[in-house]
Amino acid sequence: RRPPRSTHCISSAASDVYKRQALAGEMIFSLSELIAYISNLLPLNPGDIIATGSPDGTGGSRNPSVFLKAGDCVEVSVDRIGTLKNHVGP
C-alpha cells in the first residue's frame with residue numbers, strides 16, 4: 001500500500017522571477033518513499049538535502065531557452081517547510 005500523497009507545493013524562482021511550481025504529490029515517488037529508500041542507503045541528518053530533479057518546464061525546454069547565469073539567486077520553496085537559496089557562482 002502506497003503512503004498518502006503530499007499536498008506540499010514546491011516552487012522555484014531565479015533572481016526573483018517565478019519559474020515553476022508543482023505539488024509534491026505529483027512526483028513519481030512520494031516524499032516518505034524517497035526518505036525511506038535513501039535512509040536505507042545512508043544516514044540522513046537534520047539539514048540534509050535530497051535533490052530529485054525538477055518538474056517539466058526547465059530552461060532548455062523553454063522557447064527561447066533560459067539558463068542560469070553567474071550572479072543569479074535560485075530559490076526553491078516547499079510550503080509549510082521553508083526556502084533554500086543558492087547563488088550561482090562565476
Side-chain angles (χ1 to χ4, degrees):
R1 184 171 101 103
R2 291 184 65 100
R5 294 308 226 167
S6 171
T7 59
H8 289 289
C9 180
I10 303 169
S11 61
S12 66
S15 296
D16 296 322
V17 177
Y18 166 79
K19 295 296 181 182
R20 61 190 164 272
Q21 75 177 29
L23 292 174
E26 296 175 287
M27 297 170 63
I28 294 170
F29 299 104
S30 72
L31 297 175
S32 58
E33 288 171 314
L34 288 170
I35 292 167
Y37 178 78
I38 294 167
S39 65
N40 279 313
L41 300 174
L42 54 102
L44 290 173
N45 298 299
D48 284 349
I49 298 169
I50 299 172
T52 61
S54 65
D56 188 32
T58 58
S61 67
R62 293 177 181 241
N63 188 7
S65 296
V66 178
F67 297 100
L68 296 172
K69 60 189 178 306
D72 281 346
C73 178
V74 178
E75 297 181 35
V76 178
S77 299
V78 180
D79 70 324
R80 303 186 311 266
I81 293 179
T83 299
L84 175 68
K85 294 182 182 182
N86 284 294
H87 292 273
V88 178

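The residues of the chain are indexed from 1 along the displayed sequence. On a predicted model such as this, the values are computed, not experimentally measured, just so you know.
- A distance of 8.5 Å separates NZ of Lys19 from OG of Ser12, quoted to the nearest 0.5 Å.
- Around the OH atom of Tyr37, the shell of radius 6.0 Å holds no more than 12 heavy atoms that belong to other residues, nucleotides or ligands.
- Val17 and Leu68 are assigned to two separate hydrophobic clusters, defined by single-linkage of ILVMFWY side chains at heavy-atom distances under 4.5 Å.
- Applying the side chain to side chain contact (heavy atoms under 4.5 Å, CB included) test to Thr52 and every residue at least two apart in sequence or in another chain returns Met27, Leu34, Ile50.
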CA sep, side-chain torsions, deciding dist, call: Ile10, Gln21, side chain to side chain contact (heavy atoms under 4.5 Å, CB included): CA-CA 5 Å; Ile10 303 169; Gln21 75 177 29; over 6 Å; no
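- Under the 3.5 Å distance criterion, the side-chain polar atoms of Asp79 are matched with a main-chain donor or acceptor of Cys9.
- Asp16 places a side-chain heavy atom less than 4.5 Å from the side chain of Glu75.
- Side-chain contact between Thr83 and Val76 is absent, with no heavy atoms from C-beta onward closer than 4.5 Å.
- When all heavy atoms of Tyr18 and Ser11 are compared, the pair lying nearest together is CE1-CB, 4.5 Å.
- For the residue pair Pro43 and Asp48, the shortest heavy atom distance occurs at O-OD2, 4.0 Å.
- Hydrophobic clustering (ILVMFWY, side-chain heavy atoms < 4.5 Å, transitive): Leu42 and Phe29 are in distinct clusters.
- Considering OG of Ser15 and CG of Asp72, their distance stands at 3.5 Å, rounded to 0.5 Å.
- Evaluation of the side chain to side chain contact (heavy atoms under 4.5 Å, CB included) rule for Asn86 yields Leu84 as partners, not counting sequence neighbours.
- Between Pro90 and Ala70, the shortest heavy-atom distance links the atoms CA-CB, 3.8 Å.
- Side-chain contacts under 4.5 Å among hydrophobic residues (ILVMFWY), followed directly or transitively, place Leu23 with no other residue at all.
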As a quick check of understanding, evaluate side chain to side chain contact (heavy atoms under 4.5 Å, CB included) for Asn40 and Ile38, giving each step before the final call. CA-CA 5 Å; Asn40 279 313; Ile38 294 167; over 6 Å; no
